[in-house]
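Report on the following structure.
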Amino acid sequence: WNHIDTVDKFITGENQVFIDMYYTQATQATVDACKSKGVSLEVWCIDRGQEDILLNLHPYVTGVSSNDMIAEDVLRENALK
């Protein structure tokens with residue numbers, strides 16, 4: 001994954017560097033590549049009606065972006081299940 005090699009060059013020890021990609025691209029190979037470089041992995045775009053995807057994300061994923069979902073609502077709703 002050349003994107004991970006590119007992002008890796010920005011790591012200074014004084015900043016946080018991460019990759020943000022569409023959730024379907026967050027494969028095991030991508031996770032392994034991020035882990036090997038020490039780069040965090042975030043995913044997008046999970047919107048209302050797709051909350052079940054959150055339950056199946058790889059545990060290495062550290063953040064989720066959305067167009068319209070409010071994380072607090074999702075966490076509250078899923079904690080009650």
Side-chain angles (χ1 to χ4, degrees):
W1 250 71
N2 58 1
H3 297 321
I4 293 171
D5 291 334
T6 301
V7 171
D8 183 38
K9 295 174 185 174
F10 293 100
I11 297 174
T12 67
E14 297 180 14
N15 60 354
Q16 279 191 311
V17 176
F18 64 93
I19 297 263
D20 193 1
M21 64 177 50
Y22 194 66
Y23 73 93
T24 59
Q25 296 174 326
T27 64
Q28 186 62 51
T30 303
V31 169
D32 292 344
C34 287
K35 281 182 177 181
S36 74
K37 298 290 186 175
V39 175
S40 297
L41 177 60
E42 298 188 2
V43 297
W44 64 277
C45 171
I46 300 173
D47 295 325
R48 291 196 187 278
Q50 297 178 308
E51 292 89 347
D52 59 320
I53 294 169
L54 294 172
L55 302 175
N56 296 312
L57 288 176
H58 193 283
Y60 190 77
V61 173
T62 59
V64 176
S65 300
S66 172
N67 289 325
D68 65 8
M69 184 171 55
I70 299 172
E72 181 180 347
D73 293 344
V74 172
L75 292 173
R76 187 179 320 111
E77 290 169 14
N78 285 295
L80 299 175
K81 291 182 180 179

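Just so you know, these numbers use all the heavy atoms, side chains as well, and skip hydrogens, waters and symmetry mates. Fair warning: this is a prediction, and the values are worked out from it, not measured in the lab.
A distance of 9.0 Å separates NZ in Lys37 from NZ in Lys9, rounded to the nearest 0.5 Å.
A centroid separation of 6.0 Å or more is found between the aromatic rings of Trp44 and Tyr23.
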Side-chain donor-acceptor pairs under 3.5 Å in residues 10-20, sequence neighbours left out?
unit_1, atom_1, unit_2, atom_2, d
Thr12, OG1, Glu14, N, 3.0
Thr12, OG1, Asn15, OD1, 3.2
Asn15, OD1, Thr12, N, 3.1
Asn15, ND2, Phe10, O, 2.9

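What you find for Val61 and Glu42 is that their closest heavy atoms are CG1-CA, 4.4 Å.
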